[in-house]
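Here the structure is a predicted model, which means the values were calculated and not measured. We're numbering straight along the sequence, starting at 1.
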Amino acid sequence: MRVCNYVCVGDGSVGATIGAGVYILVGTVAKEQTGPAITVSFLIAGIAAGLSALCYAELACRCPSAGSAYHYSYLCVGEGVAWLIGWSLILEYSLGGAAVARGISPNMALFFGGQDGLPAILGRPTVLGIVVDPSAAILVFIMTALLCTGIKESSLAQGVITTINVAALLFIIVAGGYVGFKTQWAGYSIPGGYLPFGVNGVLAGSATCFFSYVGFDAVTSTAEEVVNPQRDLPIGIGVSLLTCCVLYMLVAAVVIGLVPYSALDPDTPIASAFASYGMNWAVYIVTIGAVTALCAALIGGILPQPRILMAMARDGLLPSFFSDINKTTHVPVKSTIATGVFIASLAFSMNVDQLAGMVSVGTLLAFTAVAVSILILRYIPPDITIVQSPNTESTDLVSSEFNNDITDICTEDRGARYHTQKDGHEARRRKMAAWSIVVVCVGVLVLAFAASVKNIPIVPSFILCGLGGAAILSGLTVLTCIDQDDARLTFGETGGFVCPFVPFLPVACILVNTYLLINLGVDTWIRVSVWLVIGVLVYLFYGRKHSLLVDAVYMPIMLEKEPEIHEIIS
């Protein structure tokens, strides 16, 4: 049973992470940014993704919920920020899933000798001036039906797809390595050396390669359906990232060694590399790998979104329709179907390639929020929890007495014990920690902005970088010197993985993600801003009015398990 759980979680994360990007990025990044040093770029990107993965692993153990980054932000940062994170993730998974689905037809065309040889059902006809893709929509519906059957069944299917994908990558490594040794690695024997674009090119390439690792966060959205999330989720996340990083580096090293980076085809780099040695039969194996990678990535795009919708609906921010769980499959079937229909309509009627940058915003915002949540959890964890009172009409009297009793107890304890403990040294420590986290975040924003924007004159740029760096160092110094909150040991579920090197690792994660966010471009941020404004309006006119926090009763966490409270609740 333990092995099965590890495999299901690991396969799900590996399948969601190893997308078709590796089949394309090798050519594009090597040709335009890194040269042969693309292997180093994949390593740096893997390390950057690992920083976020360590933060995710602890929160997944502490708060194993379907909401993933939304739920962590809800608990640690607040409802408003959590809503924006969840709203951004909806955009990410929808556009990402549609883009992946529309990538099936071009890859399938290789089996039929080109785009013109595709059957009509797999083609892309033009209807009313719009290039539609029926095969993409059909594929989305198939994957949606598969995900509605249950997490174990869909994990089994994704495991098969992932196995085929990994086998194709291993074939590329082994067959390509054999050819490379026979030809003395001609791709590396070129002028310009290993770093033709310099260190800056390698760093720029790593920013692009970073998005090849996005997808491991999808597995945390299934935490409620994992038998032992405290044990299985960290192992699944860690093993999948390590596996993906090793495979990416080996594939990149082999392909670059076969053909000089300047001669790579940016659209089909791996297939063209084998074809240049007369191995046209290998193109079919590479294409199978690309298609299965797209299918796995599509599952990884559809799987988390219904669970995020479910978590938001549970908190009252969305209609209760999205929070229904099927009693047979234990899956949010209604949310899954709604997600599938939405993504299928996008994939059918919209070319989302030009909106690809928007996919990255949701991921990076979620990664940043998770890193901030780790700092909050360690230094200023929430000290008040929510006690929901009965809300049915038949229990109005009980509800009234419940609220009065709880309020009396909480008020009495706050006056007698609770506030006493929060006065003095502890109150000052929490205040210092809170301001230090704010200073660090502001410093990161200033430093990343000054280092990224090219139109700023050099002197103001250096001044801003200095101010941002000083803010980060001062905040880190204070966080290092003060004690972490003892409440972190009992917050949420106890046991499981603990993120190391706090506060340094989360701050490094925030810095990397913020830098990548700012470098996404003005056009991307204009489009994202429109989506976020829509989200703010939905929250103000629906979510805030229906939120469970409106009628919630609060009490100190230290009193949550006291006998008198349980007697009143019962």
Side-chain angles (χ1 to χ4, degrees), residues 5 8-9 11-13 15-16 59-60 63-75 79 82-83 85-98 101 139-158 215 217-227 229 232-233 236 296-347 362 366 388 535 538-539 542-543 546-548:
N5 289 329
C8 288
V9 176
D11 280 349
S13 191
L59 289 174
C63 316
S65 170
S68 187
Y70 160 78
H71 182 67
Y72 310 149
S73 302
Y74 189 92
L75 292 177
E79 183 183 81
W83 166 263
I85 297 298
W87 190 252
S88 300
L89 288 175
I90 292 173
L91 175 70
E92 171 203 341
Y93 291 126
S94 297
L95 290 179
L139 180 66
V140 172
F141 285 131
I142 293 173
M143 295 303 171
T144 300
L146 175 64
L147 291 173
C148 287
T149 61
I151 191 65
K152 290 183 179 180
E153 291 76 9
S154 58
S155 294
L156 177 61
Q158 189 170 22
D217 59 321
V219 74
T220 61
S221 66
T222 63
E224 293 184 11
E225 297 154 271
V226 177
V227 176
D232 298 341
L233 287 179
L298 181 57
I299 293 176
I302 300 176
L303 178 67
Q305 184 170 330
R307 288 149 180 84
I308 292 174
L309 294 173
M310 179 179 68
M312 297 170 78
R314 284 176 176 174
D315 296 327
L317 304 182
L318 288 176
S320 58
F321 167 86
F322 294 104
S323 62
D324 289 344
I325 300 291
N326 186 278
K327 296 181 179 180
T328 303
T329 62
H330 305 290
V331 168
V333 173
K334 294 181 180 178
S335 296
T336 302
I337 293 175
T339 298
V341 170
F342 181 57
I343 294 178
S345 62
L346 288 178
Q388 295 296 336
V538 173
Y539 176 69
Y542 181 88
H546 295 81
S547 171
L548 295 184

Compare all side-chain heavy atoms of [X] with those of [Y] and state whether any distance is below 4.5 angstrom.
X	Y	result
Gln305	Ile90	yes
Tyr70	Leu75	no
Ser68	Arg307	no
Ile85	Tyr72	no
Ile302	Thr144	yes
Leu89	Pro304	no
Met312	Phe322	no
Asn326	Lys334	no

Please confirm whether the backbone N or O of [Y] pairs with a side-chain atom of [X], one donor and one acceptor, at under 3.5 Å?
X	Y	value
Ser547	Gly316	no
Ser94	Leu91	no
Ser73	Ala69	yes
Ser335	Pro332	no
Trp83	Gly535	yes

Spatial distance of atom [atom1] ([X]) from atom [atom2] ([Y]) [nearest 0.5 Å]:
X	Y	atom1	atom2	result
Phe141	Ile343	CZ	CD1	10.5 Å
Leu318	Tyr542	CG	OH	7.0 Å
Asp315	Ser323	CG	OG	10.0 Å

What heavy-atom pair brings [X] and [Y] nearest, and what distance separates the two atoms?
X	Y	result
His71	Cys63	CD2-CB, 3.8 Å
Gly97	Leu298	O-CD1, 3.4 Å
Ala338	Phe321	CB-CE2, 4.5 Å
Pro306	Thr339	CG-OG1, 3.7 Å
Leu317	Gly543	CD2-O, 3.5 Å
Val140	Ala347	CG2-CB, 4.5 Å

Problem - side chain to side chain contact (heavy atoms under 4.5 Å, CB included) between Tyr93 and Leu303, worked out - result: CA-CA 9 Å; Tyr93 291 126; Leu303 178 67; over 6 Å; no
Practice task
Name all residues meeting the side chain to side chain contact (heavy atoms under 4.5 Å, CB included) criterion together with Thr149; count only those two or more places apart in sequence or in a different chain, and write none if there are none.
Solution key: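 Testing Thr149 for side chain to side chain contact (heavy atoms under 4.5 Å, CB included), a comparison that skips the adjacent residues, returns Leu146, Glu153.
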